[in-house]
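Each chain gets a letter, A, B and so on, in the order its sequence line appears, and its residues count up from 1. Note that this is a predicted model, so its numbers are computed, not measured.
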Protein chains: 2
Amino acid sequence: MTSIKDVARIAGVSVATVSRVLNDKGYVGQRTREKVEKAIKETSYKPNEVARSLFKKQSNTIGLIVPDIMNPFFTELARAVEDMAIKLGYNVILCNSDGNGDKEQAYLDVLKQKYVNGIIVSSNTLTAQQVEELNIPVVSIDREISKGLPTIVVENKKGAMMATRYLQSKGCRNIGHIRGSYGVVNAEERYEGYKEVVANEPWFRESYVVNGNFDMQSSIEATAELLRLHPEIDGIFAANDIMAIGAIKVAHQLGKKVPEELAVIGFDGIKLSTVMTPELTTIVQPIYKLGEISAEMLISLMEQQPIENTYCKLDVELIERNST
Amino acid sequence: MTSIKDVARIAGVSVATVSRVLNDKGYVGQRTREKVEKAIKETSYKPNEVARSLFKKQSNTIGLIVPDIMNPFFTELARAVEDMAIKLGYNVILCNSDGNGDKEQAYLDVLKQKYVNGIIVSSNTLTAQQVEELNIPVVSIDREISKGLPTIVVENKKGAMMATRYLQSKGCRNIGHIRGSYGVVNAEERYEGYKEVVANEPWFRESYVVNGNFDMQSSIEATAELLRLHPEIDGIFAANDIMAIGAIKVAHQLGKKVPEELAVIGFDGIKLSTVMTPELTTIVQPIYKLGEISAEMLISLMEQQPIENTYCKLDVELIERNST
DNA sequence: ATTAATTGTGTAACCGGTTACCTATTAGGG
DNA sequence: CCCTAATAGGTAACCGGTTACACAATTAAT
């Protein structure tokens, strides 16, 4: 590997001058600049990023901590973050935390040791203190860690209300809800939205709500139980698409026709929802946009650019397909 | 941030000694070691990875270059790679190349500048020369770049033959093939497998093979065309699951019942294939295993551990579900 | 008791950049 | 024509670790 010294020797100048040319900083004469550029080209010299990082205390890298990249929501998010990062000159270190607080902290530690410029994180367990101790820009995505910390979320409650009202408008008289894990803000907000719409309905009772833990297997079990207890249910709002798909599978098994006998609506708008049959009606979040914006915001923070606001709540949209 | 100097000052020793304790290298007296460990604990000192990397010319990081993390195959692969990497003390930089040769080269360059210890790559365009110029361990996954370079692949041809024979055994008399993109080794091998089984069948003609480009939209178009030209087709082997799903969608649209009137088998065994209805019969690759093994092999290479062989061809398995 | 081998620790060079500081030259203003 | 400001470029310190080397203190061997 050729180093800056080699280039300096070949160009007949000092390393400082080469560095100045490289970074286009300070005074460099026209003729000198040309000599240096020639030497750089000849040796196809690429500056050593690690040496740079050591001095700058920044590595042109951002960390992305998500529970699990296998969750299609985070897959799309990761792609968006990486796209934007590359576009702005950064690389992305991928971290799967499985929602485990210890792993999250371990990742935070090593990312800090690696001088990442900033971190995008989706976590339910991290505290404001943990984040502040880092002294690195952090943006929280999909979940709010604390007021004041940069955050990108979506209109969960509003979306849930839209979904529930939509089922009503389709003629559903008894609407159940498969909720996400307890303690997860998203799940609570979506539940609240549902509740707000149905609370005063004569048919409503708490047992219309079951917990699907945001995953398919739990949803299948929860739905089966729900439909066994309440065969009168003719509409289900699931707090995410995966659970909605699980619910539809159960309906198939029970011989209930979707959407004729049971309408199902999801939340997220993952690609999968258009792939299955029937295609899933869902509240779509602008997932890619979410990733883009979070990367943009993070990088603005990192580069100390002026920022309008550090809290961003994106709108959601109801996309009607064939499951309702 | 506390540095090694702070620790040395507090413990009343030189930085060299602290470094020795840290790395458990060289001679350190018992009492001295204790003093140093105490100081480390007190200051909750974490060594600066970047400084280390500069000296070692290694950053405890590996690069993972895939066409697109949104492709479920690569999602699962990425998860496996990251899991194994973390387990062995490395982080993963995620790179989406979109199969674009220029992007791939750009990633290789920056990864090298960042002193990654090694790279896992899935590419159709990279040449042996490009890889060798890096002078970094590289393992190629899912696709063979050149003989001699460490490679992990699966039994594509064998799997394709299994799939095709299986359709025959299910009573299909006219079996079409939706192939993957031209020039991609995988696609060619799977096509060969199919061809080998059907070449001598009286019904076989080249127009039973259409190109689905490995993606759903193309597959939908290709399948529609295939079934229009050849309504007699009663079995389809798609070169990946996504295309198989597309084919099933088309069958639904045309009112063909799957599997009664048209049997469909895929290839890959992505999670999605169990989520849809009907669940997809497919040739499953051990995707997670693939990722694990490649990470393991790469890291062995990086750490100069003795390696049995640098070429690994994993077996595939036919999983029978409801689409055949 | 003397010498050699082993153990313990500090000093300073090094990894490959960036930049503060210094000196020299040239240009512009009065 | 002299003085100040702007331009050009070199020297060396620094980022935070690792390790070769030197030297001192023990310990073991003869």
query: To the nearest 10 degrees, what angle separates the axes at the start and end of the helix from C:dA1-D:dT30 to C:dG30-D:dC1, five pairs each?
result: 40°
- request: List the steps, then state whether salt bridge (Lys or Arg N to Asp or Glu O under 4.0 Å) holds for B:R79 with B:E76.
  value: CA-CA 5 Å; B:R79 174 73 213 227; B:E76 190 167 346; over 6 Å; no
field: Whole angstrom value for the distance that separates C1' of D:dG17 from CD of B:E49
entry: 10 Å
- line: The salt bridge (charged side-chain N to carboxylate O under 4.0 Å, His left out) partners of A:E82 (sequence neighbours excluded) come to none
When you check the gap from the basic side-chain N to the acidic O, do [X] and [Y] get nearer than 4.0 Å?
X	Y	answer
A:K38	A:E34	no
A:R33	A:D24	yes
A:E49	A:R52	yes

query: Reading nucleotides 6-16 of chain D from the 5' end, what letters show protein touch, with B for base, S for backbone sugar-phosphate only, - for no heavy atom under 4.0 Å?
result: -BBBBB--BBB
query: Pick one: which of B:Q105, B:E104, B:R143 meets side-chain hydrogen bond (donor to acceptor under 3.5 Å, both in side chains) with B:T125?
result: B:E104
query: Are OP1 or OP2 of C:dT19 and a side-chain N or O of A:K25 less than 4.0 angstrom apart?
result: yes
B:Q113 and B:D109 side chains, donor-acceptor separation under 3.5 Å: no
statement: Rounded to the nearest 0.5 Å, the CD1 atom of B:I136 sits from the CG atom of B:L111 at a distance of 7.5 Å
